[in-house]
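Here is the structure we will look at, set down as structure tokens.
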Amino acid sequence: MAGKLIIGNWKMNTRAGTAQALVQSLLADPVCNQPWVAVAAPAVYLAPLAGSLNQHALQLGAQDVSAFAKDGAFTGEVSAAMLQDIGCRYVLVGHSERRQYFAETNPALLAKMNNTLAAGMVPVLCVGETLEQREQGGYLDVIFQQLSILGEVGDGEYVIAYEPVWAIGTGKVASLEQIAEIHTAIKTWCLQNAKPSANIRVLYGGSVKAENAESILMTENVDGALVGGASLDAGSFRMICQAAGKLI
Ligand code: PGA
């Protein structure tokens with residue numbers, strides 16, 4: 001697939017005012033206000049931001065979704081139908097912070113993927129090994145185990161984000177060789193195990209910054225980036241989008 005996809009993951013940051021200001025600067029900038037750029041904002045700010053993004057190319061994403069499909073007595077949950085209703089296009093599923101702090105595992109993540117697809121949005125399944133798993137050498141098996149739910153997901157478009165846990169928010173970036181190895185392994189696994197109709201993009205995430213974006217985005221089988229910290233700064237995010245725009 002031609003073109004790169006850039007998704008900013010704001011995590012639990014911003015307030016109503018700063019979220020709006022950040023989106024306004026991205027909207028005012030043709031480098032960022034593109035259909036292949038999205039921001040995944042905190043749940044409470046999605047609806048007002050969706051109002052600002054209306055009629056613009058920039059896309060909106062959620063950081064999580066309920067594993068429960070239907071409305072009901074699930075206090076605190078936000079369903080896929082609700083996210084779709086207010087205008088989200090992407091939903092992060094199984095980010096390593098969700099796996100680590102909220103004990104999310106494959107059965108719930110499969111339900112989240114399917115709920116997102118059924119609501120007509122694009123799930124972004126996040127996978128990646130911890131430092132310990134990398135050092136022990138079994139990191140490909142860890143990633144394949146996380147990918148295994150793709151054999152059971154419904155039809156539709158989805159994205160995979162490879163984010164080595166040891167590179168998230170640490171300033172440590174995987175080497176281009178490491179990135180190419182994993183991305184190629186993920187694509188090969190998908191060809192053999194995922195639905196043939198699935199047109200799968202694989203993003204890299206983990207300390208992507210203005211300075212390293214271009215070389216990462218030019219790496220074999222890298223279809224875009226999932227950007228955490230650097231997406232909170234309009235100037236840095238702009239430079240990442242600019243690097244991606246050059247490669248279209
Ligand atoms: P980071 O986060 O860019 O701050 O390392 C990436 C992510 O967790 O998606």
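Counting starts at 1 for both ligands and their atoms, in listed order.
When each atom of ligand 1 is checked for a heavy atom of L226 under 4.0 Å away, the hits are 9 (O). Interface atoms of ligand 1 facing S207, defined by a heavy-atom separation under 4.0 Å, are 1 (P), 3 (O), 5 (O). Annotation for ligand 1: atoms under 4.0 Å from non-hydrogen atoms of G206 are 5 (O).
Ring orientation note: the planes of F68 and F74 are close to parallel, at an angle under 30° on the 30°/60° scale.
Grouped with L203 in one hydrophobic cluster are L5, I7, Y90, L92, V122, V124, V159, L226, the linkage being side-chain heavy-atom contacts under 4.5 Å among Ile, Leu, Val, Met, Phe, Trp and Tyr residues.
Residue H95 has at least one nitrogen or oxygen atom sitting less than 3.5 Å from a nitrogen or oxygen atom of ligand 1, judged on distance alone.
Proximity of A230 to ligand 1 is not established, as no heavy-atom distance is less than 4.0 Å. Distances from ligand 1 to the non-hydrogen atoms of K11 include at least one value under 4.0 Å. The closest approach between any non-hydrogen atom of A167 and ligand 1 is below 4.0 Å.
With respect to atom 7 (C) of ligand 1, the closest heavy atom belonging to the protein is E163 OE2, 3.0 Å. Of all protein heavy atoms, the one lying nearest to atom 4 (O) of ligand 1 is G229 N, 2.8 Å.
You'll find the side chain of Y158 stays beyond 4.5 Å of the side chain of V93, heavy atoms only.
Defined by atom type and a distance below 3.5 Å, a donor-acceptor pair is missing between the side-chain atoms of Q178 and Y139. Between the side chains of E129 and W166, at least one donor N or O lies within less than 3.5 Å of an accepting N or O.
Residue contacts with ligand 1, taken as heavy atom pairs separated by less than 4.0 Å, involve N9 solely via side-chain atoms from C-beta onward.
Residues passing the side-chain contact (heavy atoms from CB on, under 4.5 Å) test with E152, sequence neighbours excluded: L110.
With D64 as the partner, the salt bridge (Lys or Arg N to Asp or Glu O under 4.0 Å) test is satisfied by one option alone out of R98, K11, R99: R98.
With respect to the salt-bridge test (charged N to carboxylate O, under 4.0 angstrom), the residues E220 and K187 do not qualify.
Between the choices G171, G169, G228, the shortest heavy-atom distance to atom 5 (O) of ligand 1 belongs to G169.
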